[in-house]
Visitor: 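I'd like to ask you about the structure that follows.
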Number of protein chains: 2
Amino acid sequence: MDHKLIDVAKRSGVSPATVSRVLNNSSLVTKKTTERVMKAVEELNYYPNAAAKHLRSQRTRTIGVIVQDINVAYFAEIIKGVQNTAYTLGYKVIICDADNNPEKERDYLGLLMNRTVDALILASSSLGDEVLIELADKGQCIGLIGRRIAHDNIPCCLTDNVQFSSDVVNHLLDNGHRHIAYINGYPDVMDSYERLEGYMKALKERMVPFRPELIENGNFSEEGGYEAFKRLILKGIPFTAVYAANDEMALGVSKACRELGIAIPHKMAIVGVDNNRITQYIIPSLSTVNQPKFQLGELLTIKLIGKLNDQPDDGERIMIVQSELVVRESSSRQAPD
Amino acid sequence: MDHKLIDVAKRSGVSPATVSRVLNNSSLVTKKTTERVMKAVEELNYYPNAAAKHLRSQRTRTIGVIVQDINVAYFAEIIKGVQNTAYTLGYKVIICDADNNPEKERDYLGLLMNRTVDALILASSSLGDEVLIELADKGQCIGLIGRRIAHDNIPCCLTDNVQFSSDVVNHLLDNGHRHIAYINGYPDVMDSYERLEGYMKALKERMVPFRPELIENGNFSEEGGYEAFKRLILKGIPFTAVYAANDEMALGVSKACRELGIAIPHKMAIVGVDNNRITQYIIPSLSTVNQPKFQLGELLTIKLIGKLNDQPDDGERIMIVQSELVVRESSSRQAPD
DNA sequence: CTGAAAGCGCTAACAC
DNA sequence: GTGTTAGCGCTTTCAG
């Protein structure tokens with residue numbers, strides 16, 4: 001029932017080598033021979049055995065993507081970018097859902113080591129720098145999304161966290177807000193750090209004093225944003241706007257406001273990050289930042305596949321893509337006096 | 001840099017066969033030998049070559065899942081169920097995002113044919129019955145989620161569409177609704193058909209006349225639901241409740257009501273299906289049906305891996321899991337008089 | 001342009 | 001318990 005290459009060879013009266021050449025588009029085969037071989041392939045319903053190909057050729061034309069959580073729209077979009085790009089370049093993609101478990105994430109690195117994939121993309125990886133650098137030093141082909149690392153052989157694709165955060169804060173300042181709280185994500189993550197940086201940068205440029213009391217941590221979760229906002233309120237310091245480092249936390253803030261009877265945007269403006277679909281449906285709709293997630297996956301995939309095929313690498317190792325502020329109801333008004 | 005099994009054998013002073021036995025937990029190795037081998041594995045930082053294993057053993061311990069669209073929460077949850085289960089049973093998972101493209105879906109079947117995966121799970125597949133039956137007849141191991149097929153070798157995991165749809169309609173009838181519209185999904189899909197069946201069944205049992213004019217099609221999309229609702233209104237037939245075959249369409253109905261100034265739930269009750277996260281955030285929140293998506297993936301995965309290992313198959317080929325009606329604001333009131 | 005043949009790295013008979 | 005060895009199905013030199 002399962003035919004092999006040699007069966008095709010016999011049926012078409014040529015050698016296995018020729019069949020292989022036809023199947024791999026080597027140009028050095030007559031049209032006539034090609035046709036004969038293809039006919040036999042059809043008739044036998046032949047499929048090349050992937051394992052044998054991989055073993056012999058020492059490559060799989062497959063790249064892996066490890067994401068924290070496949071349920072999160074941010075990652076799902078990145079996957080689309082990777083998958084579509086890889087598909088057009090003739091590569092397959094293995095998607096690995098670490099399911100918020102760093103141990104699983106580490107497990108998946110084995111796919112590289114045992115040559116199941118030719119390259120690996122890590123989106124918002126929780127792995128330590130040492131691990132990644134060690135892999136790269138061993139000659140493994142890896143790339144990062146949403147993270148930067150100091151190693152010549154690791155391409156990184158990032159969004160302009162500082163820039164868009166600064167845009168967000170400038171937008172709020174333009175609307176007359178002078179006391180803007182910032183709710184941070186996981187404290188040790190680059191995204192959090194850079195977004196804070198953009199926040200501070202904008203304040204500084206507009207000469208609005210930075211007040212550390214207006215910074216709280218929300219761990220990127222709705223619950224975390226909710227609690228962080230309540231802590232801010234309890235401090236008794238006046239503020240009229242919140243910049244949350246992602247939409248989940250912004251949703252938490254929105255919920256807290258509703259419970260506390262604080263009108264949005266009249267008494268409190270909110271801006272998040274990610275352009276989560278919910279931000280459009282909730283009332284009031286939430287302002288946010290739209291990151292080109294698809295593009296993050298796309299650019300890195302092109303780069304990595306280029307590396308795999310020893311293409312001359314023109315571009316930058318660190319690729320930064322632009323994001324866009326999306327103003328909705330939650331920050332559409334002037335600050336209260 | 002890359003060591004092979006034979007290197008480990010040499011270093012530990014045993015034969016390749018023994019190393020293989022140690023690595024694959026064959027019990028017939030002394031503890032002492034095992035330790036020596038493992039030491040060499042450590043020292044050499046040895047990783048077995050997957051392609052060679054696959055080629056030699058004729059299996060990959062990998063199962064594939066093909067989903068229509070990885071962005072859709074319904075599928076993401078199913079994937080979690082498959083992945084977690086496979087993981088604990090020592091299987092890897094390849095996730096394939098067909099990206100709403102039937103051609104890609106068909107492409108992915110090649111993974112089975114070329115032995116990249118041992119089994120394939122198709123969630124809400126758009127493939128024709130013939131294709132699936134042909135695969136199964138060839139001895140390929142496949143399983144379906146959200147679809148039924150007449151073939152002894154294809155296990156299917158489904159939700160109780162008829163049952164929960166009947167529950168939905170009974171709930172609306174209990175609230176005094178007598179004119180309940182139904183918005184269907186893709187007309188040729190089993191889910192649509194069975195949900196319609198449940199709707200009709202409940203009406204019949206409660207002796208409420210079925211009116212075909214109250215049925216419209218919305219293709220499972222928000223836009224489709226929106227348009228379908230408008231068509232229903234234009235007909236001028238009075239109705240006070242809508243059962244939409246999924247939440248996307250229910251969102252469309254909700255939007256249309258807002259635009260037309262129809263108060264929910266006072267003038268119009270709405271119930272959807274899927275327990276999409278947005279249904280909780282929108283105002284008014286939407287009643288829906290919570291399907292055990294994780295379980296769908298879990299059950300089928302257990303079944304398929306069992307088949308791969310020739311375990312005696314006790315259970316049913318067709319596995320049906322129970323769903324639960326979640327009543328929220330959009331259907332929380334008595335029908336208007 | 002085509003064929004012969006070696007061998008990718010591993011496992012599973014089969015011996016001992 | 002452990003070793004020897006054939007061979008999984010393919011690609012790729014090297015000849016011709």
Side-chain angles (χ1 to χ4, degrees), chain A residues 1-38 40-41 44-62 90 110-118 309, chain B residues 1-38 40-41 44-62 90 110-118 309:
Chain A
M1 195 218 75
D2 256 28
H3 293 287
K4 9 191 179 174
L5 186 140
I6 198 165
D7 299 325
V8 177
K10 281 178 187 154
R11 186 172 187 103
S12 49
V14 299
S15 73
T18 300
V19 176
S20 173
R21 285 192 270 258
V22 170
L23 261 29
N24 296 286
N25 312 309
S26 297
S27 46
L28 9 92
V29 187
T30 355
K31 199 174 167 200
K32 202 176 151 193
T33 315
T34 304
E35 277 167 7
R36 232 175 10 178
V37 171
M38 290 315 290
V41 166
L44 295 179
N45 196 240
Y46 166 74
Y47 276 82
N49 180 307
K53 288 185 80 142
H54 297 167
L55 176 58
R56 179 56 231 228
S57 60
Q58 303 288 33
R59 41 180 225 165
T60 60
R61 288 194 151 268
T62 301
L111 292 180
L112 249 186
M113 301 310 293
N114 72 21
R115 325 248 90 168
T116 295
V117 299
D118 295 342
N309 296 299
Chain B
M1 195 217 75
D2 256 28
H3 293 287
K4 9 191 179 174
L5 186 140
I6 197 163
D7 299 323
V8 177
K10 282 178 188 153
R11 185 173 187 100
S12 49
V14 299
S15 74
T18 300
V19 176
S20 173
R21 284 193 270 257
V22 170
L23 262 28
N24 295 286
N25 313 308
S26 296
S27 47
L28 9 92
V29 188
T30 355
K31 199 175 167 195
K32 202 174 149 195
T33 316
T34 304
E35 278 167 7
R36 233 173 11 176
V37 170
M38 289 316 288
V41 167
L44 296 178
N45 195 242
Y46 166 75
Y47 276 83
N49 180 307
K53 288 184 78 141
H54 297 168
L55 176 57
R56 180 56 233 226
S57 60
Q58 303 288 32
R59 43 180 221 164
T60 60
R61 289 196 150 266
T62 301
L111 293 179
L112 249 185
M113 300 310 293
N114 72 21
R115 325 248 110 193
T116 295
V117 298
D118 295 344
N309 297 297

Visitor: Atom OG1 of B/T34 and atom CG of B/L23: how far apart are they, to the nearest 0.5 Å?
Guide: 10.5 Å

Visitor: What do the steps show when you test B/R36 against B/K32 for side-chain contact (heavy atoms from CB on, under 4.5 Å), and what is the final call?
Guide: CA-CA 6 Å; B/R36 233 173 11 176; B/K32 202 174 149 195; 5.8 Å; no

Visitor: I'd like to know whether B/K4 forms a side-chain contact (heavy atoms from CB on, under 4.5 Å) with B/N49, so could you lay out the CA-CA distance, the side-chain angles of the two residues, the decisive distance to 0.1 Å, and finally the verdict.
Guide: CA-CA 8 Å; B/K4 9 191 179 174; B/N49 180 307; over 6 Å; no

Visitor: Find the distance A/R61:CZ to D/dT11:P and express it as a whole number of Å.
Guide: 12 Å

Visitor: Under 3.5 Å, which protein N or O atoms sit close to an N or O of nucleotides 5-7 of chain D? Give each pair with its distance.
Guide:
unit_1: D/dG7; atom_1: N2; unit_2: B/R56; atom_2: NH1; d: 3.0

Visitor: Apply side-chain contact (heavy atoms from CB on, under 4.5 Å) to the pair A/R11 and A/V37, showing each step before the final yes or no.
Guide: CA-CA 8 Å; A/R11 186 172 187 103; A/V37 171; over 6 Å; no

Visitor: Can you tell me if B/K53 touches the phosphate of C/dT11, counting only side-chain N or O atoms and a distance under 4.0 Å to OP1 or OP2?
Guide: yes

Visitor: Under the rule for side-chain hydrogen bond (donor to acceptor under 3.5 Å, both in side chains), what residues qualify as partners of B/T33, not counting sequence neighbours?
Guide: B/T30

Visitor: Could you check how far CG of B/L5 sits from P of C/dT11, rounded to whole Å?
Guide: 6 Å

Visitor: Taking atom OH of B/Y46 and atom CE of A/M113, what is their separation to the nearest 0.5 Å?
Guide: 12.0 Å

Visitor: Using whole Å, what does the distance between atom P of nucleotide D/dT11 and atom CG of A/N24 come to?
Guide: 5 Å

Visitor: Over how many whole Å does the gap from A/K4 atom NZ to D/dC8 atom C1' extend?
Guide: 8 Å

Visitor: Check whether A/S57 reaches the backbone of A/K53 with its side chain - one donor and one acceptor, N or O, closer than 3.5 Å.
Guide: yes

Visitor: Could you list the residues that satisfy side-chain hydrogen bond (donor to acceptor under 3.5 Å, both in side chains) with A/S15, not counting sequence neighbours?
Guide: A/T18

Visitor: Run the side-chain contact (heavy atoms from CB on, under 4.5 Å) check on B/T62 and B/T116 step by step: do they pass?
Guide: CA-CA 8 Å; B/T62 301; B/T116 295; 5.9 Å; no

Visitor: Is A/N49 close enough to D/dC8 that one of its side-chain N or O atoms is under 4.0 Å from OP1 or OP2 there?
Guide: no

Visitor: B/I6 CD1 to C/dG7 P: how many Å, rounded?
Guide: 13 Å

Visitor: Select one nucleotide: of C/dG3, C/dC10, D/dC10, the one nearest the side-chain heavy atoms of A/Y46.
Guide: D/dC10

Visitor: Taking 4.0 Å as the cut-off, does a side-chain nitrogen or oxygen of A/Q58 come that near to OP1 or OP2 on C/dG9?
Guide: yes

Visitor: Given D/dT2, is OP1 or OP2 found less than 4.0 Å from the side-chain N or O atoms of B/T18?
Guide: no

Visitor: Is there a side-chain polar atom (N or O) of B/T33 under 4.0 Å from OP1 or OP2 of D/dT2?
Guide: yes

Visitor: Taking OP1 and OP2 of C/dT2, is either one under 4.0 Å from a side-chain nitrogen or oxygen of A/T30?
Guide: yes

Visitor: At a cut-off of 3.5 Å, list every protein nitrogen or oxygen paired with a nitrogen or oxygen from nucleotides 14-16 of chain C, distance to 0.1 Å.
Guide:
none

Visitor: Starting the side chain at C-beta, find the nucleotide from C/dA12, C/dG3, D/dG9 nearest to A/S15.
Guide: C/dG3

Visitor: For A/R61, enumerate each residue passing the side-chain hydrogen bond (donor to acceptor under 3.5 Å, both in side chains) test, keeping only those at least two apart in sequence or located in another chain.
Guide: none

Visitor: Taking the axis from the first five pairs and the axis from the last five, what angle separates them in the helix from C/dC1-D/dG16 to C/dC16-D/dG1, rounded to 10 degrees?
Guide: 30°

Visitor: Rounded to whole Å, please give me the gap between CZ in A/R36 and P in C/dC1.
Guide: 15 Å

Visitor: Quick one: CG on A/L44 to NZ on A/K10, what's the gap to the nearest 0.5 Å?
Guide: 11.0 Å

